[in-house]
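Notes follow once the structure below has been shown.
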Amino acid sequence: MPSFDTVCDPDMVEVKNAVENAAKEIGTRFDFKGTSAAIELKDKEITLLGDADFQLQQVEDILRNKLTKRSVDVRFLDKGAVQKVGGDKVKQVLKVKSGIATEDGKKIQKLIKESKLKVQAAIQGDAVRVTGTKRDDLQAVMALLRKDMADLPLSFDNFRD
């Protein structure tokens with residue numbers, strides 16, 4: 001029976017490379033000389049440091065540019081609140097989303113059921129497996145999910161015939 005998995009996983013190697021490239025650019029840019037502007041990646045959290053909110057925004061723009069060049073969807077980033085750190089410095093933590101949250105999985109499952117296509121959707125951990133008898137139905141589900149779940153950077157893998 002044909003099936004595929006709907007997942008939400010970034011390429012962490014490309015994310016790491018983008019953060020390193022952004023750190024290199026921050027180190028060489030003239031407008032960041034002598035400031036505390038920095039960026040670092042630990043596990044699945046990217047920490048932005050700067051002297052003011054404006055500088056944080058510039059660092060984030062550099063990061064988004066590098067991620068886009070490496071074809072990593074910026075919708076994987078989950079912005080945290082700006083925090084004051086010792087004196088006049090500020091920091092912001094961006095979490096890299098990985099996996100489909102249970103409420104999003106339920107939304108996907110409900111959307112597929114309401115579409116009246118002859119497929120079944122089952123939540124399996126942080127992925128949603130979709131099975132059906134016809135390949136065309138599965139492709140219709142992929143198109144439906146891309147259109148209606150635009151806020152999630154979904155990808156489809158393990159397509160089996």
Side-chain angles (χ1 to χ4, degrees), residues 1-23 39-50 53-85 90-161:
M1 203 163 177
S3 68
F4 68 87
D5 290 339
T6 304
V7 294
C8 184
D9 283 327
D11 186 356
M12 286 308 290
V13 173
E14 291 297 337
V15 171
K16 181 177 177 269
N17 289 339
V19 169
E20 288 172 356
N21 287 349
I39 184 171
E40 60 185 32
L41 174 71
K42 283 187 183 164
D43 296 328
K44 291 195 174 190
E45 288 187 349
I46 301 171
T47 307
L48 309 176
L49 297 164
D53 290 341
F54 174 72
Q55 201 171 51
L56 273 186
Q57 188 61 43
Q58 285 182 317
V59 172
E60 185 183 343
D61 287 344
I62 292 170
L63 175 66
R64 286 179 182 270
N65 186 14
K66 299 296 181 190
L67 286 171
T68 304
K69 280 185 181 175
R70 296 199 158 269
S71 66
V72 175
D73 200 328
V74 293
R75 293 179 291 178
F76 283 116
L77 298 180
D78 193 15
K79 282 174 96 170
V82 176
Q83 305 164 345
K84 295 243 183 255
V85 180
V90 290
K91 92 173 189 180
Q92 185 175 24
V93 177
L94 304 175
K95 288 188 168 76
V96 180
K97 288 190 253 182
S98 178
I100 298 175
T102 52
E103 63 267 4
D104 290 331
K106 288 178 183 176
K107 279 184 199 173
I108 290 171
Q109 203 172 20
K110 183 180 175 193
L111 185 67
I112 291 171
K113 261 187 189 160
E114 289 173 352
S115 71
K116 302 291 185 201
L117 291 168
K118 294 184 179 180
V119 293
Q120 292 82 37
I123 299 172
Q124 296 184 336
D126 56 358
V128 178
R129 172 150 301 159
V130 180
T131 58
T133 55
K134 293 182 184 171
R135 198 176 191 177
D136 293 338
D137 290 342
L138 295 180
Q139 290 173 340
V141 168
M142 285 182 190
L144 176 76
L145 291 178
R146 280 195 187 104
K147 187 179 77 137
D148 290 346
M149 300 297 286
D151 56 328
L152 287 177
L154 296 175
S155 59
F156 309 104
D157 62 355
N158 289 340
F159 194 91
R160 298 209 170 95
D161 228 354

Give, for atom CD of Q55 and atom CG of L49, the distance between the pair rounded to the nearest 0.5 Å. 10.0 Å
Would you say CG of D43 has more than 12 non-hydrogen atoms from neighbouring residues, nucleotides or ligands within 6.0 angstrom? no
Would you please test V82 and L56 for side-chain contact (heavy atoms from CB on, under 4.5 Å) and show each step? CA-CA 9 Å; V82 176; L56 273 186; 3.8 Å; yes
Where do L144 and S115 come nearest, in terms of heavy atoms and distance? CD2-CB, 3.7 Å
Counting N and O atoms only, with roles assigned by atom type, does the side chain of R75 sit under 3.5 Å from a partner on the main chain of A150, one being a donor and the other an acceptor? yes
What's the separation between atom CD1 in I39 and atom CD in Q92, rounded to the nearest 0.5 Å? 10.5 Å
Taking all non-hydrogen atoms of both residues, which atom of P10 and which atom of V15 are closest, and how far apart? CB-CG2, 4.4 Å
Looking only at heavy atoms, the pair that brings E60 and L48 closest together is CB-CD1, 3.9 Å
Is the backbone of A121 close enough, under 3.5 Å, to the side chain of Q109 for a donor and an acceptor to pair up by distance? yes
Any side-chain heavy-atom pair of N21 and R70 under 4.5 Å: yes
Under a 4.5 Å cut-off applied to non-hydrogen side-chain atoms, are F156 and R146 in contact? yes
Could you pull out all residues at least two apart from L77 that satisfy side-chain contact (heavy atoms from CB on, under 4.5 Å)? I46, L63, L67, L94, V96
Might you work through the side-chain contact (heavy atoms from CB on, under 4.5 Å) test for K16 and E20, ending with a clear yes or no? CA-CA 6 Å; K16 181 177 177 269; E20 288 172 356; 3.1 Å; yes
CG of D126 to CG of D104, rounded to nearest 0.5 Å, is 12.0 Å
State, to 0.1 Å, how close V130 and V119 come at their nearest heavy-atom pair, and which atoms those are. CG1-CB, 4.1 Å
Can you check side-chain contact (heavy atoms from CB on, under 4.5 Å) on V19 and E40, steps first, answer last? CA-CA 7 Å; V19 169; E40 60 185 32; 5.7 Å; no
Can you label the angle between the F159 ring and the F4 ring as parallel, tilted or perpendicular, going by 30° and 60°? parallel
Residue pair I100 / C8: nearest heavy atoms and the distance that separates them: CG1-CB, 3.7 Å
Roughly how far, to the nearest 0.5 Å, is CG of D137 from CZ of R135? 12.5 Å
Between K107 and E103, is the salt bridge (Lys or Arg N to Asp or Glu O under 4.0 Å) condition met? List the steps. CA-CA 6 Å; K107 279 184 199 173; E103 63 267 4; over 6 Å; no
Any chance you could measure T47, atom OG1, to K95, atom NZ, to the nearest 0.5 Å? 9.5 Å
Between OG of S98 and NZ of K44, what distance do you get to the nearest 0.5 Å? 3.0 Å
Checking K118 against T133: is there a side-chain donor and acceptor pair closer than 3.5 Å? no
Show the numbers, then the answer: is there a salt bridge (Lys or Arg N to Asp or Glu O under 4.0 Å) between K97 and D78? CA-CA 7 Å; K97 288 190 253 182; D78 193 15; 5.3 Å; no
Heavy-atom nearest pair, A140 first then L117, reads CB-CD1, 3.9 Å
Do Q120 and M1 touch side chain to side chain, with heavy atoms closer than 4.5 Å? yes
Out of the candidates N158, I123, L154, only one should pair with T6 under the side-chain contact (heavy atoms from CB on, under 4.5 Å) rule; please name it. L154
